[in-house]
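In the text below, chain A, chain B and the rest are named by the order of the sequence lines, each starting its count at 1.
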Protein chains: 2
Amino acid sequence: RERYEQLSPSEFFYRNREVAGFSNPTRAVYQAVRELVENALDATEMYGLLPDVKIEVGEEADGRVRICVEDNGVGVSALEVPNVFGRVFYGSKYVLRQARGVFGLGVKMAVLYAQLTTGQPVRIRTATRKSPFIYEFDVLIDVERNLPVIRNLRVLRNVDGWHGTRVELLLRGNWQQARRRVEEYIRRTAMITPYATITFRCPQSSLTFERSSSKLPPAPAVGKPHPKGVDVEMLRRMVERCRRGATLAKFLSTHFDGVGPITAQKFCEWAGFDPNMEVKELRVEDLEELAAKMQAYGGWRRPRPITLSPLGEELLIRGVKSVLKPEFATAVTRPPSSYAGHPFIVEVAIAYGGEVPPAEEPILYRFANRIPLLYDEGVDVAKKVVRKIDWSVYKVKMPAPLAVVTHICSTKVPFKGVGKEAVADVPEVERELEMGLRECARRLRRHLSRLERMMEVKRW
Amino acid sequence: RERYEQLSPSEFFYRNREVAGFSNPTRAVYQAVRELVENALDATEMYGLLPDVKIEVGEEADGRVRICVEDNGVGVSALEVPNVFGRVFYGSKYVLRQARGVFGLGVKMAVLYAQLTTGQPVRIRTATRKSPFIYEFDVLIDVERNLPVIRNLRVLRNVDGWHGTRVELLLRGNWQQARRRVEEYIRRTAMITPYATITFRCPQSSLTFERSSSKLPPAPAVGKPHPKGVDVEMLRRMVERCRRGATLAKFLSTHFDGVGPITAQKFCEWAGFDPNMEVKELRVEDLEELAAKMQAYGGWRRPRPITLSPLGEELLIRGVKSVLKPEFATAVTRPPSSYAGHPFIVEVAIAYGGEVPPAEEPILYRFANRIPLLYDEGVDVAKKVVRKIDWSVYKVKMPAPLAVVTHICSTKVPFKGVGKEAVADVPEVERELEMGLRECARRLRRHLSRLERMMEVKRW
Ligand SMILES: Nc1ncnc2c1ncn2[C@@H]1O[C@H](COP(=O)(O)OP(=O)(O)OP(=O)(O)O)[C@@H](O)[C@H]1O
Ligand SMILES: Nc1ncnc2c1ncn2[C@@H]1O[C@H](COP(=O)(O)OP(=O)(O)OP(=O)(O)O)[C@@H](O)[C@H]1O
Ligand SMILES: [Mg+2]
Ligand SMILES: [Mg+2]
């Protein structure tokens with residue numbers, strides 16, 4: 001008598017689109033734009049290409065909003081276009097490496113929102129590098145089955161050797177309200193991507209951020225999991241895929257980041273496991289014990305940051321100066337740290353005076369994996385840390401012209417939700433943010449003391 | 001060269017378990033308990049059964065935590081047990097009716113967390129009403145394929161005519177830290193379910209809340225969607241399932257809440273559609289226009305609250321008095337309202353003096369669909385509303401012994417995330433909360449004025 005139902009992933013997010021940030025007609029427009037822009041930047045900078053990203057928003061009759069984002073990235077192979085744009089939980093970023101994308105959901109949410117407000121497909125135009133053809137597809141999502149539906153496939157000769165992707169959506173939303181947020185999002189993105197040329201056009205305004213640097217930060221590499229982040233399911237799968245005869249020590253030293261034969265031996269002795277045992281003989285209870293001991297062992301090498309790509313202090317200061325135009329700016333890139341086996345790096349910058357507007361609290365600009373976060377400041381770990389600081393200790397008296405910029409990059413930023421707006425207060429991350437912020441605050445204090453002394457000298 | 005991957009829903013939540021509230025070993029224990037308790041209460045009160053819920057937490061050797069929740073509810077049919085406990089996005093609450101459950105994900109997250117920390121299956125014991133048998137299953141989740149795996153199925157004779165469900169998990173987590181939160185969660189649940197008998201046992205403590213009322217609130221009924229909440233995908237599916245020959249007016253009056261033949265006619269005239277047209281002849285662009293006009297039309301009847309089950313002022317005051325022991329308490333149940341076609345009712349209570357501890361800000365107890373919300377107060381709409389109020393206007397001077405209780409019930413509570421901890425600030429909900437809170441505050445002011453006058457009389 002009880003009626004049970006199975007929902008496909010697309011059906012689930014169709015019904016619960018607000019948990020992915022599509023909570024109202026204003027926020028949905030903002031989210032659609034950002035999902036496309038984040039994909040465009042990933043598709044360029046992660047492949048050694050200096051990004052050229054064009055964003056166009058048009059207002060049509062009857063409240064329709066046309067959103068178009070084009071990039072000069074790696075493009076999407078024709079065979080993959082349907083799933084990439086039309087199947088929830090499909091993507092190429094499910095590996096251990098810092099990227100803006102992480103869920104395999106973003107562009108599908110934008111396609112879904114357009115489809116449920118206008119019924120219109122997303123229009124894709126794409127070519128991979130050196131492809132002799134450019135492909136144009138219209139894609140709809142069969143929501144109940146989480147499958148792509150292709151319309152109007154066209155193949156054109158790629159005479160100019162173009163490569164990249166152009167994504168065009170037609171949706172209904174509140175562009176009037178969303179515009180300011182979208183402009184701010186683009187402005188802040190440009191602040192930390194000086195190697196990208198970003199142009200934005202809409203009926204009311206137009207912004208152009210020309211590339212001010214041709215130096216692309218080195219792309220991060222894919223890494224292996226760190227032993228501190230294991231769980232029983234992960235071990236069970238890894239062991240299942242091992243060949244017969246593999247020893248426990250060999251298993252550990254081949255599957256995990258920073259574990260060599262010697263470390264594997266030492267761990268086994270500490271944990272009370274025989275390093276030469278056949279790893280496939282471990283039973284479930286042994287895997288549980290192994291996981292717990294791997295999490296607890298203090299002798300692992302720290303996660304290596306080869307999977308990360310921090311902005312660096314120079315880039316951060318330059319971005320802060322160009323956008324906020326302060327009288328004083330400083331930045332700190334903390335050494336690599338980790339939580340639950342995930343490496344992360346925290347970067348903090350402070351801007352003071354000049355054109356920074358005075359306020360009762362410091363103005364906070366938050367970034368994570370190079371994405372500007374504009375919503376949910378109230379539950380973000382960066383806000384929590386900024387509130388902890390007693391600024392009078394650093395000679396700053398409120399109201400003050402003070403801005404704080406935070407950037408967290410990780411193979412897994414602890415986002416609180418799939419809408420990627422706030423970062424959870426993981427203790428290790430909180431601690432790193434505080435250390436970075438206090439270091440910047442000390443430098444500000446030295447600067448303000450110096451100013452004070454200069455003022456006194458003048459008076460004599 | 002680019003490697004793409006498809007994740008199953010269980011694989012997605014295995015990798016991103018923090019977005020479902022399983023963000024650390026303390027929070028995970030709390031979340032596992034609450035997912036089981038919310039299912040137990042739904043399985044009883046929504047079927048006219050006075051709930052008896054037993055919660056037991058045990059600490060085993062090596063940091064294992066055993067969580068066991070048993071109810072006297074409707075049970076789960078043997079054929080459904082595997083999917084119900086072992087398949088993400090499977091459930092019976094995907095209908096338009098107020099319930100604690102909404103995502104078809106909760107118990108699977110708890111099963112998943114146990115499985116990834118200990119490798120152990122969830123142990124289920126269940127019998128439906130009048131079932132001659134009791135079924136015992138051990139269920140694991142094949143995470144990569146989102147399929148249940150059954151171990152140890154046992155069938156026993158149901159000699160005592162028992163009905164209900166017992167769910168037992170073995171996981172690793174921080175019970176020491178989680179205990180206080182779990183106790184508070186149970187205490188607040190008991191505050192608003194006086195018709196339930198809830199017992200809680202753990203190594204350190206034991207709580208018993210005996211039923212103080214045998215009057216079960218009427219269960220809500222399943223409703224039809226309201227025209228204000230339509231979208232193009234919804235219309236497209238409804239039209240597809242219509243039989244040939246159905247007119248637009250007939251379509252509207254049969255598929256939507258509160259739309260009769262006359263209202264359907266009036267709407268069609270206003271919207272410029274022919275009420276007698278064959279609804280299956282609408283093309284995608286017509287559906288888009290129809291959806292937009294249905295959202296915009298001001299002549300619909302308000303959503304009927306048959307799908308809702310508010311607590312009521314009497315129950316709310318009694319619960320507040322028994323738990324907070326104030327000197328003064330009052331409650332308001334606002335009239336039904338709606339947002340995006342979803343009916344909702346806001347209820348607010350204030351408790352003052354007595355054993356309410358004085359504080360700089362009112363202590364806020366938030367509830368949604370009868371679930372206590374303990375985390376993420378910083379982004380919850382109820383907190384936003386409480387902060388807006390200037391309490392001095394109501395003769396309350398901080399610090400003050402003031403507590404505020406809010407309850408939002410809806411066919412779709414606008415939760416910010418699948419972990420169900422904070423409610424988004426939807427304007428209609430925010431407005432109702434403010435109206436309810438100010439009404440309670442005015443009553444408090446009258447009470448405080450009366451006290452003032454009594455004090456003055458005494459001085460004479
Ligand atoms: N502009 C683009 N150029 C090249 N590839 C793209 C582009 N946009 C999307 N893709 C591909 O499509 C995949 C799916 O994109 P989608 O936005 O849904 O998920 P994601 O970016 O991987 O993660 P997230 O959900 O966090 O955004 C990406 O992983 C990428 O491989
Ligand atoms: N104790 C129980 N007694 C009877 N049925 C249950 C019980 N627990 C779970 N179920 C059934 O299993 C389904 C799935 O439960 P699950 O917690 O995963 O999802 P849900 O409660 O529907 O939604 P949510 O994810 O919001 O909790 C429920 O819809 C219900 O039909
Ligand atoms: Mg993306
Ligand atoms: Mg549930």
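Checking each of B:Y90, B:Y94, B:F103, B:F12 against A:F12 for a ring pair (Phe, Tyr, Trp, His ring centres under 6.0 Å) leaves exactly one that passes, namely B:F103.
Note on B:R17 versus A:D231: salt bridge recorded, some NZ/NE/NH1/NH2 to OD/OE distance being below 4.0 Å. One finds a salt bridge joining B:R237 and A:E11 here, because a Lys/Arg side-chain nitrogen approaches an Asp/Glu carboxylate oxygen to under 4.0 Å. A salt bridge between B:R241 and A:E144 is present, with a side-chain N of the basic residue lying under 4.0 Å from a carboxylate O of the acidic one. For the pair A:K416 and B:E18, the salt-bridge criterion is not met [side-chain N within less than 4.0 Å of a carboxylate O].
Between A:N83 and B:Y4, the closest side-chain pair of non-hydrogen atoms is not below 4.5 Å. In this structure the side chain of A:N146 reaches within 4.5 angstrom of the side chain of B:Q6, judged on heavy atoms. Looking at A:T117 and B:E288, their side chains never come closer than 4.5 Å, going by heavy atoms from C-beta outward. Annotation: side chain of B:E2 is not in contact with side chain of A:T128 (no heavy-atom distance under 4.5 Å).
Heavy atoms closer than 4.5 Å to chain A are found in the side chain of B:V84, but not in its backbone. Proximity to chain A is absent for every atom of B:S23, based on heavy atoms less than 4.5 angstrom apart. When heavy atoms are compared at a cutoff of 4.5 Å, B:L287 does not approach chain A at all. Only the side chain of B:E80 comes within contact range of chain A, judged by heavy atoms closer than 4.5 Å.
For B:N24, there are no side-chain hydrogen bond (donor to acceptor under 3.5 Å, both in side chains) partners, not counting sequence neighbours. For A:K383, the side-chain hydrogen bond (donor to acceptor under 3.5 Å, both in side chains) criterion is met by A:E361, A:E377, not counting sequence neighbours.
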- Do B:V232 and A:L116 pass the side-chain contact (heavy atoms from CB on, under 4.5 Å) test, and can you show the C-alpha distance, the side-chain angles, and the key distance before you say yes or no? CA-CA 5 Å; B:V232 177; A:L116 65 92; 5.5 Å; no
- Given side-chain contact (heavy atoms from CB on, under 4.5 Å), test B:N16 with A:K412 step by step and report yes or no. CA-CA 9 Å; B:N16 299 295; A:K412 188 178 169 69; 3.6 Å; yes
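Of the listed residues (A:R236, A:Q115, A:R172, A:Q120), the one with the most heavy-atom contacts under 4.5 Å to chain B is A:R172.
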